[in-house]
Amino acid sequence: MTFSLPTHVTQVISPEGKLVSDPPELPPEQLVEFYRWMVLGRVFSNRMVALQRQGRMGTFAPLNGQEAASVGLAAPMMDDDWLVGSYREAISFFMRGIPITAIMEQWAGYIPISYSPATNVMPIQVVLASQMPHAVGMAMAMQYKKKASAVVAVIGDGATSEGDFNESLNFAGAFKAPLVTVVQNNGWAISVPREKQTAAEYIAHRGPAFGMPGYVVDGNDVFAVFKTMETCLERARAGEGPSLIEVITYRMGAHTTADDPTKYRPPEELAEWEKKDPITRYRIYLRTLGLLNEEKEAGIEEEVRQELQIAVERYESERPAQRAEKYFDLVYNDTPPQLARQRDELLQFLNRER
Amino acid sequence: MTFSLPTHVTQVISPEGKLVSDPPELPPEQLVEFYRWMVLGRVFSNRMVALQRQGRMGTFAPLNGQEAASVGLAAPMMDDDWLVGSYREAISFFMRGIPITAIMEQWAGYIPISYSPATNVMPIQVVLASQMPHAVGMAMAMQYKKKASAVVAVIGDGATSEGDFNESLNFAGAFKAPLVTVVQNNGWAISVPREKQTAAEYIAHRGPAFGMPGYVVDGNDVFAVFKTMETCLERARAGEGPSLIEVITYRMGAHTTADDPTKYRPPEELAEWEKKDPITRYRIYLRTLGLLNEEKEAGIEEEVRQELQIAVERYESERPAQRAEKYFDLVYNDTPPQLARQRDELLQFLNRER
Amino acid sequence: MPKWTMVKAINNALAIKLEQDPDVLVFGEDVGKNGGVFRVTDGLQAQFGGDRVFDTPLAESAIIGSAVGMATYGLRPIPEIQFAGFTYLAFHQIAAQVARLHFRSGGKINMSMVIRAPFGGGVRTPELHADSVEALYMQVQGLKVVIPSTPYDAKGLLISAIEDPDPVLFLEHMKLYRSFRQEVPAEHYTVPIGKAATVREGSDITVVAYGAMVQSSLKAAEMIEQKLGASVEVIDLRTIAPLDEAAIVNSVSKTGRAVVVQEGPRSGGVAAEVIAVINEQALYSLYKPVLRVTSPDGPYPFTVMEDDILPSPERIAAAIETTLEP
Amino acid sequence: MPKWTMVKAINNALAIKLEQDPDVLVFGEDVGKNGGVFRVTDGLQAQFGGDRVFDTPLAESAIIGSAVGMATYGLRPIPEIQFAGFTYLAFHQIAAQVARLHFRSGGKINMSMVIRAPFGGGVRTPELHADSVEALYMQVQGLKVVIPSTPYDAKGLLISAIEDPDPVLFLEHMKLYRSFRQEVPAEHYTVPIGKAATVREGSDITVVAYGAMVQSSLKAAEMIEQKLGASVEVIDLRTIAPLDEAAIVNSVSKTGRAVVVQEGPRSGGVAAEVIAVINEQALYSLYKPVLRVTSPDGPYPFTVMEDDILPSPERIAAAIETTLEP
Ligand SMILES: Cc1ncc(C[n+]2csc(CCOP(=O)(O)OP(=O)(O)O)c2C)c(N)n1
Ligand SMILES: Cc1ncc(C[n+]2csc(CCOP(=O)(O)OP(=O)(O)O)c2C)c(N)n1
Ligand SMILES: [Mg+2]
Ligand SMILES: [Mg+2]
């Protein structure tokens, strides 16, 4: 079967907040919930950057601008599904049940004590595209176990140039694995713009090339992402095979707190994308529906800030306790004798020094 | 720019030896020359298998069935072009000026004393798809040096599943490198049939996905391969960028002399493909033109056998001389002291033992 | 008891675990209908079905990487890499993903998998097929590296590896696949990972070896006994990581002399680590420097010079003789 | 003479060679307009143009593999891998292609290239960014591995590497990039590959180190001199492969005691090879076992415990003290 190359960008809510095609059928609370997740994401991201500046956090990759995509991709997932992502989808992780502290721990270079695989989320992956074969393998495992569930893999535009991305799409196609791959095309891979990353007009063209449908979606439009995800997840759960979705969005901040985008990116571009802000757009739409107003919005923001404050406090109160002691138990399930000796020697030394 | 997915298989000479579209404009001697190369290839391949059976050769990968593709891809290349192949394209290598002995040396596990990079051919690559980034880099080098030449990369269908193949196509597209990639789709990757290798109908669908045209060609039809190569080489030399050609052919023999295809392959399939034999088909066509007849064919075969006999004799007469002495000079341009000491110790030991 | 080759012993270990544990999957290039290019998985697809034993597209990184996803989901994947040299294409997935996910997840995810791969020289494979890779993977912390030298050990170690909660790289020396047969029990048994074996007892000198070099070392020991009447102890490491340091140190403390044999090139190999361990824990027992018998510091040789370049029983014997000099 | 950081010294070496040799190309991820994530290639694209200094798509294997094609065509590529840990994704291209093409082609093709990559710990990078990779590449025969520890050496060694007909992996310790400045001549000069430097003369004990551990070892030497009045020699290996065995052996033969320091985990590391060399060539000079000061045998630590896990000057000093005991 040959799938055709996608030619247009799916959109439901325009940048002006107007419907341009049918919205998904969702209860009003869930529509507001989406908004709350987006706000949480942005507040979280800004707070992380601030913590990093204050020396209270490691290098962090802000997610500003990509909130709609992260919400839209996670929202239609079911409990048995798994999320296998990279490092800029904290909101999707939160929506799956990963606590905020777990993400803080990982960026801080800290044992992820509050992470749990029972959330059906793999830890953040910082090596580009490395999560892709994991996602495929997990989808194959679901298939083997005859589960009607799916894996959602998330990856950046730049990372699609890695061998692992392509090997994985090919595996997924060949095994008809229940995998939905979302490319968060935010226009940049650090300083490398999307046009230099690949000569194809759309990354989603890789879909048909590997025997699966490809979709291009407005990534700043939570409904467009949600609807396309629903289609693809259904396809996957029904045993019809994998899909590839490219969501077109924009990284509004720096690549990470260690990056200075003014070195390589024209300020006009950011200005252009600010007009397409996913949160503003969705807020206007929800106001039209009467689901939001200034007061409700302020309430949500306050609620979200408090949630974050609690997370920061928990993260910081538990942090100082982690020293070399904890290291040795994590290498193997059973510590081999030489490692035990190395542990004893090191701890003895450190205890003497402390 | 978006290229469309190829939908049909280009053919010029039908399996019955009839023209079905325009042949390339070539002088009669060259038409016969093509035939000679194909026959040389088959005789070479059979001879290598025989030598291996007799313990006079290492593991060898027969090329029977793929002669037209190998001739068609090499014939339109010019002197300044480079060929970067894998291990089943001996004919293409010969056509570029690589001596038969060089190929024997490589399969025998022998220093390639008769290989010369001045032929603009890289040594045989046995690690799947590893040659692909080499080919792209060379094409980028030509581009940098402002040469109006191109690189031809050759790879098997199975190897297209490797990350290196896909990374390289993407590089080629992104840099608009003068590269023509030929996928010799011979239906099998050892025991894995093409259908299990990828879910796409054609491997050439990868072309548009990486921003380059993709072609599907009857690989048992030397003219079809030749003509498509000409188009793509011109495109490359003119600075218009890379192309991907999938040639559909068949591996008539075992994967290598170490393989037993009866374990996994139905005999009917081979019988089917024998009817599409590239040499038979081309022979019928040339007979129709009056360029071949039984006598001429016998003459060519005799000539080719003699050429091979000489090569075998040269290969065997030079072989016994290679022992550990030769090893040490090949590691670095300047042998470091410890390696020199290891050499002295080993040679002293071996001389004592001999 | 049946007498089996190593190929048969490994095949049988896989069959036992496929039978016992529905979470075990065997996959890789040509492992299905073809039964593997060395016939190690022969008949397993026919017996256990194509969803338990299956071929993959040719992509080493995805083969290993997909095993990470399967193991996270709770399966026990046994991916095969057709030749160990091709694990280089999956190096990142092995070294940074498989070996570290347990650690990175705070111990919450187990990477219970066995990566099987044939390796080693002396059998005239094509170029780039015969690399000794064990010393690279010895440096990959979180991974265990096992190399059997007999059919009996191969089966018992492989079963242990499959049952181990940590990832194991299981390297099968091609030369040993069919070079000899041994009595192997047909039922389930284990040989412990992390324990060396004293395959020949002796009191004058210790030879430390593994893989195909164990056979060569035993031959050398025999030669030396014949020639000099000296008593040579031979230790088969069996596990390269974590190394059985106690076995090495105990033997050298007893004999006071040692030779370490490794098929691959010298620099940075397993032999260096063995010597470092001896230096740290048994230096004062040593009468003589520990000698290394290895290939020289170059790439795997052209096969026509394999016999010259790889350590031979004669070369091992010569090193033993030198080390025995007072 | 200008006082430069290591970043500036490396930038200057690249500029000199880009200027002198039109066949030199610098490329990798973010090396162009952005000037590299550590600003090592800052300004080079502006000065030499986008066809000499350019960004690539994100694909480490293709970055290295394309350099193979360029070198075969006669260019002198200088690919950068953004962090050395990501060389794992190009491991096959480095270990089996770059390092072996000279050998495989019967010496007829040179792989003159320099693969540059930052590495090393202690600077709180995100997960999987700080691996010490040198011991892996020490095993890759045909490749040279260079690790400078000062701005002066960095420039001279990098120029040597670019001019070398053989491939060089040039590892730049992130902690040293800006930690101190040194007088560096503005013009072309070379520091030889394959030669260690005695960075501190001493007679009682030898400390062998490289990369960031040289500074730590010098601090430890100072502490010991203060505390015990002992005279500590410190050797900076500078080249990991091929190792300067003579420098190690000469020093240890003189002092009779040695400590080897390496930032990465213990098993199978560079320190083991150094000890094996000492064992082989200077065993009879040794008064005491050679001690290794390394990270323990586990993955690179969570950064919050970096300071505990990585060797510190204090830990090195403690090992020196132990080794100095009679
Ligand atoms: C294999 C690998 N190479 C390089 C890097 C360094 N790096 C981290 S993020 C990044 C850019 C990724 O861009 P993209 O995939 O578009 O994701 P984004 O950061 O834009 O979300 C690079 C080069 C890495 N982490 N892993
Ligand atoms: C990276 C790598 N993996 C596995 C192999 C073993 N192997 C050699 S040839 C082959 C099949 C290749 O099939 P294809 O690419 O279709 O080429 P063909 O042999 O059919 O010409 C395999 C799996 C290899 N040489 N390199
Ligand atoms: Mg991006
Ligand atoms: Mg094939």
Side-chain angles (χ1 to χ4, degrees), chain B residues 58-61 87 105-112 123-130 156 158-164 189-193 196-198 255-256 258-261 263-265 319-320 322-328 330-332 336 338-339 342-343 345-347 349-350 352-353, chain C residues 28-39 42 45 50 54-63 65 82-83 85-86 88-90 92 123-130 265-267 292-312 314-315 318-319:
Chain B
T59 304
F60 172 72
Y87 48 82
E105 285 155 11
Q106 216 174 333
W107 285 110
Y110 196 28
I111 303 174
I124 287 176
Q125 179 60 254
V126 301
V127 186
L128 300 176
S130 295
T160 62
S161 299
E162 296 281 358
D164 271 1
I190 309 186
S191 71
V192 182
K196 286 194 170 184
Q197 200 62 241
T198 181
H255 169 70
T256 64
D259 175 54
D260 172 12
K263 284 275 290 184
Y264 52 81
R265 193 160 85 167
R319 195 157 78 120
Q322 292 191 4
R323 295 203 57 184
E325 290 79 355
K326 316 248 173 189
Y327 175 88
F328 294 90
L330 299 175
V331 185
Y332 294 98
Q338 50 268 61
L339 187 55
Q342 291 168 21
R343 176 192 60 210
E345 282 172 20
L346 182 65
L347 296 184
F349 174 81
L350 291 173
R352 219 169 56 206
E353 292 282 308
Chain C
E29 299 168 2
D30 305 293
V31 301
K33 210 166 180 187
N34 198 35
V37 294
F38 292 99
R39 303 284 177 261
D42 207 24
Q45 186 178 71
F54 56 89
D55 294 334
T56 65
L58 310 186
E60 286 73 15
S61 185
I63 291 172
Q82 203 162 76
F83 290 87
F86 305 150
Y88 298 167
L89 287 97
H92 166 70
V123 294
R124 309 275 187 274
T125 45
E127 259 196 317
L128 298 164
H129 281 64
R266 167 163 307 204
S267 285
R292 289 189 270 188
V293 186
T294 70
S295 287
D297 279 330
Y300 190 85
F302 293 95
T303 52
V304 296
M305 48 188 81
E306 241 176 13
D307 297 337
D308 280 359
I309 296 291
L310 268 51
S312 59
E314 291 73 22
R315 246 195 325 130

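The chains referred to below are lettered A, B, ... by the order of the sequence lines, with proteins before strands, and numbering in each begins at 1.
- Only the side chain of C:R39 comes within contact range of chain B, with at least one heavy atom under 4.5 Å from a heavy atom of that chain.
- C:L128 is listed as a side-chain neighbour of B:Q125, based on a closest heavy-atom distance under 4.5 Å.
- Among the candidates C:V304, C:T56, C:T125, C:V37, the residue making the largest number of heavy-atom pairs closer than 4.5 Å to chain B is C:V304.
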Original post:
Could you go step by step and tell me if B:L128 and C:L89 meet the side chain to side chain contact (heavy atoms under 4.5 Å, CB included) rule?
Top reply: CA-CA 10 Å; B:L128 300 176; C:L89 287 97; over 6 Å; no
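- Under 4.0 Å is where a charged nitrogen must lie from a carboxylate oxygen, and between C:D308 and B:K326 no such pair does.
- A heavy-atom distance below 4.5 Å is not found between the side chains of B:E105 and C:F302.
- Side-chain N or O atoms of C:D297 include none that pairs as donor or acceptor with a backbone N or O of B:L339 at under 3.5 Å.
- Between C:N34 atom CG and B:H255 atom NE2 the span is 10.0 Å, to the nearest 0.5 Å.
- Contact of the B:Q342 side chain with the C:T294 side chain is not registered, since no non-hydrogen atoms from C-beta on lie closer than 4.5 Å.
- Judged by distance alone, with hydrogens and angles left aside, the side-chain atoms of B:Y332 form no donor-acceptor pair with the main-chain N or O of C:G298 at under 3.5 Å.
- C:Q82 touches chain B through its side chain: at least one heavy atom from C-beta onward sits under 4.5 Å away, while N, CA, C and O do not.
- Not counting sequence neighbours, the partners of C:S61 by the side-chain hydrogen bond (donor to acceptor under 3.5 Å, both in side chains) test are A:D164.
- No side-chain heavy atom of B:V192 sits less than 4.5 Å from a side-chain heavy atom of C:E29.
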